[in-house]
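To keep things clear, I will list the structure first and then write my remarks on it.
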Amino acid sequence: MLYIFLKQYAITAPIAGMLYPGLIPLMYGENQVPVAVSIIGLLLALLVPYLLGSFNTAVFISSKFYHDDIRNHGSGNAGFTNIMRVYGAKAAVITFAGDLLKTVLAILVGWFTFGYVMAYISGLACFFGHIFPVFYRFKGGKGVVCAATIMFMLDWRIFLIELGLFIGILLLSKYISLSSVLCGMTYPIFLNRMNMTTVHIIELVAIIIAITVVVKHRANLVRIYNGTENKFKFKKSKPIDEDTKNA
């Protein structure tokens, strides 16, 4: 969505071949930003998104409304799939909305400070904040919703392709984990072929996201191989117990 906005409404100001360099370069001039301002802006564009990502919606929902910690149940993962299995669709929808919103805000922080390229980096900071939240002893989710939001905000074409791929794999396999891994693995490929950017740091962000998604789902992949991974159903599991050891 941000991609559409940049193409149609953004101020044309070349910086690394991208539209709209952000407020700081526009204020001082592309090559005249003071070092101190650059450092402060960079810290802002990294720290704020990380802290936004560290606010884990699943942990908050489980604590606020269920007086519990989602990380004590199921797979121990503080994310959409596990909270769906443990608490049901309502809690999962709120979790999804919260994770989406915090990633959108993080991307906008990066975009407003240093532009389109920084938006990717800020999105990555939020992604890692979600996985390793400073507020919750660095034990968070797997970052799939954050990664999907980065795709949606920064190149809607890739997002639609990945969404179609995700749904197709999910319908065939019934494994959210497998769908997430394959979409994560193909993200750098689609970005490389469709974005046509000369800014390689954007491609690096996509590669880091892909590797992280695969690593975070390694236990799921082992269970799929062994035939012990639970298949996804859009409903709450029976009791809150160890039957949900997947997510």
Side-chain angles (χ1 to χ4, degrees), residues 1-57 60 96-135 140-141 143-160 162 187-188 190-191 194-209 212:
M1 295 304 293
L2 184 56
Y3 179 90
I4 296 176
F5 180 84
L6 288 171
K7 284 292 185 182
Q8 294 183 356
Y9 302 110
I11 301 171
T12 302
I15 178 170
M18 307 304 296
L19 288 175
Y20 192 76
L23 293 179
I24 293 177
L26 284 177
M27 288 172 60
Y28 289 95
E30 183 180 338
N31 299 313
Q32 300 176 1
V33 181
V35 174
V37 175
S38 295
I39 294 174
I40 293 172
L42 183 61
L43 290 175
L44 179 68
L46 291 175
L47 184 59
V48 172
Y50 173 76
L51 293 176
L52 284 169
S54 291
F55 176 79
N56 190 286
T57 315
F60 175 79
F96 181 89
D99 290 346
L100 185 149
L101 178 60
K102 72 182 184 185
T103 311
V104 169
L105 292 175
I107 290 171
L108 290 177
V109 169
W111 177 52
F112 278 120
T113 52
F114 285 110
Y116 186 70
V117 175
M118 195 65 196
Y120 272 94
I121 300 172
S122 295
L124 182 65
C126 181
F127 174 77
F128 278 116
H130 177 81
I131 297 173
F132 306 108
V134 67
F135 303 132
V144 174
V145 174
C146 293
T149 306
I150 292 172
M151 298 178 198
F152 174 70
M153 287 290 289
L154 298 174
D155 199 324
W156 61 273
R157 304 166 302 169
I158 295 175
F159 171 78
L160 290 180
E162 293 283 21
Y187 178 38
F190 289 136
L191 182 66
M194 297 179 65
N195 195 287
M196 303 304 286
T197 179
T198 58
V199 184
H200 297 301
I201 193 169
I202 289 178
E203 295 178 342
L204 180 60
V205 167
I207 292 171
I208 292 172
I209 289 175
T212 305

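Note that this is a predicted model, so its numbers are computed, not measured. Quick note: numbers below take in every heavy atom, side chains included, and nothing from hydrogens, waters or symmetry partners.
Under the 4.5 Å side-chain criterion, counting only non-hydrogen atoms from C-beta, M118 is in contact with L46. Counting only heavy atoms from C-beta outward, the side chains of K102 and T149 never approach each other to under 4.5 Å. Contact annotation: the side chain of F128 approaches that of I208 to within less than 4.5 Å [non-hydrogen atoms, C-beta and beyond]. With a 4.5 Å cut-off on side-chain heavy atoms, F96 and T57 do not count as touching. The shortest distance between side-chain heavy atoms of I24 and F114 falls below 4.5 Å.
The only option from V145, V144, T212 that meets the side-chain contact (heavy atoms from CB on, under 4.5 Å) definition with F127 turns out to be T212. The only member of V205, I107, L204, I201 that meets side-chain contact (heavy atoms from CB on, under 4.5 Å) when paired with L124 is V205.
The OG1 atom of T113 sits 8.5 Å away from atom CG of L42, with the distance rounded to the nearest 0.5 Å. The structure places SG of C126 at 7.0 Å from CD1 of I150, a figure rounded to the nearest 0.5 Å. The distance from the OG atom of S122 to the CG atom of L47 is 11.0 Å, given to the nearest 0.5 Å. Put simply, CG on D155 and CE on M194 are 6.0 Å apart, with the number rounded to the nearest 0.5 Å.
A donor-acceptor contact shorter than 3.5 Å links the side chain of S54 to the backbone of V134. Using a distance-only test at 3.5 Å, with no hydrogens or angles considered, a donor-acceptor pair links the side chain of Y116 to the main chain of L154. Looking only at distances, no side-chain donor or acceptor of E162 sits under 3.5 Å from a matching main-chain atom of A148.
When all heavy atoms of L191 and I158 are compared, the pair lying nearest together is CA-CD1, 3.5 Å. Residue L44 comes nearest to P49 through the heavy atom pair O-CD, 3.4 Å, listed as atom of the first residue, atom of the second, then distance. Shortest non-hydrogen contact noted between V109 and A45 is CG1-CA, 4.1 Å.
Remark: Y50 OH is packed, more than 12 non-hydrogen atoms of other residues, nucleotides or ligands lying under 6.0 Å away.
Ring geometry for F152 versus F159: interplanar angle over 60°, hence perpendicular rather than tilted (30 to 60°).
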